[in-house]
Colleague: 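Provided herewith is a single structure, encoded as structure tokens, for subsequent inquiry.
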Amino acid sequence: MVDIKLGQLLNSLSYALDIAENRYYGHSRRTAYIAYYIAKEIGLKEEDIIDIYYASLIHDIGMAGDLSNYSVMDIHYHDDLKKEHCALGYKILDKLPLKKEIKKYILYHHEEWEGTGPYGLKENSIPLASQIIHLADYFEIFFIRNTEYKVVDYDVNIISRWLDKYRNKMFQSYLCDAFLEVISKERFWLDLKSININLVLEIIEPGKNISIDIEDLQKISEAFSILIDAKSKFTYEHSKGISNITCNFATYLGYNPLMIKKLTIAANLHDIGKFVIPLNILEKPGKLTSTEFSIIKSHAYYTKLILKQVEGIEDIAEWAGNHHEKLNGKGYPEKLDEKTLTKEDQLIAFADIFQALTEDRPYRNGMNPKNAIDIMKDMAEKGYLCNSMLSDFKQVVL
Ligand SMILES: [Fe+2]
Ligand SMILES: [Fe+2]
Ligand SMILES: [Fe+2]
């Protein structure tokens, strides 16, 4: 039985979304923190507070993928982009095994009290949870713009004036008052300015005992693989392809159904660290400079860092994060070698290399499968890949 804590998983995915190009660190986590305290202040039930907390953590999920070239400010201040990221987010959310309320809260997180938001919902027709996330989201951006993480003395009057500007326009008056109550406590500011907001969230996290099973994790990994692949036109089917090859190869090698599922999840998420890599480097048509290459290489490091935040999937995090390691120690980012690399690490690496060779890249067209296997044969002879696994792999892909 694999038991994964949903809060931990969403928190680590929020980290992945916030360290992406054009984002800033901790936006979703701080939004979740602020929304949590507003929800508590107005006395919502625990169950609703949990939903608001989860929705806040991934409220900007629609910014990843197709919109990854736009910055946080672009998205939050341009009407078209506001609607687009809400709609794209909802499309991805549809594939996630989350409560439908959470999906709805995210869809409407940019609605404005007077009805001027992307979907034109007005006043009490906007879900209260979406209104809370909206206020938390905009305040978080305002806060970061004005403090840039510096430990400054807060001035409640400035925030009052900021709220008054939007009261009854963007935000319902009742929520503005509740928010003023929240910010009157010193703890709020100390937490918000903490360099480790994640530590704060670990302490306050509502619904700590809610967990999901491996089937749900698989669905989440599939949805994220679509987002990862959508970042660049050259990788639009990369993770999906690797996932299919991994599933076939693992079945051929006789793994049990649970292991096949876990390996497929690792394949879906192996490039989640690519969110971090700027698109102009990812799609550069010419040769990469050594700095650009080290930036590219960091994606495997980030994959492991993101997935290791979730207890119970340590093995999946290893297989996913080790997909560029080589048996002769010439891979990256940890220079692991045959002494530590497992058969499962190799399995994902095989699928990744084959898929990469057979798909188009900015600097070359995709190869036919036979030529790709020839290159892999050469790699195996030089000690990069396991020779005996390659003969099995050939049976699966040719
Ligand atoms: Fe947003
Ligand atoms: Fe946001
Ligand atoms: Fe990769």
Side-chain angles (χ1 to χ4, degrees), residues 14 17-18 20 22-35 55-64 67 70-90 92-93 105-112 117-119 130 132-145 170 225 228-229 231-232 234-235 238-239 241-243 266-277 282 293 295-304 306 319-326 331-333 345 348-357 359 361:
S14 96
L17 296 168
D18 283 350
N22 299 320
R23 310 291 186 268
Y24 58 80
Y25 179 70
H27 168 64
S28 306
R29 283 172 170 172
R30 274 188 301 273
T31 301
Y33 174 88
I34 301 163
S56 304
L57 280 175
I58 52 167
H59 72 279
D60 278 333
I61 189 169
M63 284 171 69
L67 296 179
Y70 294 98
S71 74
V72 175
M73 298 303 165
D74 287 339
I75 301 269
H76 289 77
Y77 289 99
H78 286 93
D79 286 344
D80 293 352
L81 293 173
K82 268 188 214 170
K83 185 159 188 172
E84 211 177 331
H85 87 286
C86 289
L88 282 171
Y90 194 68
I92 284 292
L93 288 164
Y105 299 161
I106 297 178
L107 178 66
Y108 296 128
H109 82 272
H110 279 282
E111 294 308 300
E112 296 177 356
Y119 291 94
S130 301
I132 293 173
I133 299 168
H134 185 46
L135 174 53
D137 186 22
Y138 272 76
F139 176 72
E140 202 285 326
I141 291 172
F142 169 82
F143 166 78
I144 288 298
R145 265 190 168 172
M170 279 232 277
S225 80
I228 299 160
D229 288 355
K231 179 159 178 168
S232 161
F234 294 103
T235 57
H238 180 72
S239 306
I242 292 178
S243 177
N268 282 331
L269 298 175
H270 78 289
D271 269 346
I272 193 168
K274 270 206 182 142
F275 280 146
V276 182
I277 315 300
L282 220 48
F293 191 45
I295 293 172
I296 290 261
K297 288 201 289 192
S298 72
H299 80 276
Y301 162 84
Y302 282 107
T303 290
K304 201 183 273 190
I306 292 160
W319 308 332
N322 293 344
H323 71 277
H324 287 293
E325 299 291 349
K326 299 289 183 301
Y332 61 87
D345 293 325
I348 307 281
F350 268 78
D352 183 49
I353 296 169
F354 183 79
Q355 178 67 27
L357 289 171
E359 69 195 9
R361 283 295 148 98

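One-based numbering, in listed order, for ligands and for the atoms of each.
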Colleague: Which value, rounded to 10°, describes the NE2(His324)-the Fe ion (ligand 3)-NE2(His323) angle?
Modeller: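 The NE2/NE2 angle about the Fe ion (ligand 3) sits at 80°.
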Colleague: Can you check the number of protein N/O/S atoms within less than 2.8 Å of the Fe ion (ligand 2)?
Modeller: 5
Colleague: I'd like to know if the side chain of Ser28 and the backbone of Ile58 have a donor-acceptor N/O pair within less than 3.5 Å.
Modeller: no
Colleague: Can you tell me if His78 uses its side chain to pair, donor with acceptor, with the backbone of Ile75 under 3.5 Å?
Modeller: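 A pair under 3.5 Å: no.
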Colleague: Go through the steps to decide whether His109 and Tyr105 satisfy the test ring-ring contact (aromatic ring centres under 6.0 Å, His included), and finish with yes or no.
Modeller: CA-CA 6 Å; His109 82 272; Tyr105 299 161; over 10 Å; no
Colleague: Using only heavy-atom distances, determine whether the side chains of His59 and His27 contain a donor-acceptor pair under 3.5 Å.
Modeller: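 Yes, a side-chain donor-acceptor pair sits under 3.5 Å.
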Colleague: Is Cys86 close enough that one of its N/O/S atoms sits under 2.8 Å from the Fe ion (ligand 1)?
Modeller: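 Checking the Fe ion (ligand 1) against Cys86, no N, O or S atom falls under 2.8 Å.
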Colleague: Can you tell me how far the CG atom of Leu282 sits from the CD1 atom of Ile295, to the nearest 0.5 Å?
Modeller: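 The CG atom of Leu282 sits 11.5 Å away from the CD1 atom of Ile295.
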Colleague: Round to 10° and report the angle made at the Fe ion (ligand 3) by OD1 of Asp271 and NE2 of His299.
Modeller: 80°
Colleague: Any sub-3.5 Å donor-acceptor pair from Lys297's side-chain atoms to Pro333's backbone N or O?
Modeller: no
Colleague: Considering all heavy atoms of both residues, which atom of Met63 and which atom of Val72 are nearest to each other, and what is their separation?
Modeller: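 Minimum heavy-atom separation between Met63 and Val72: CE-CA, 3.7 Å.
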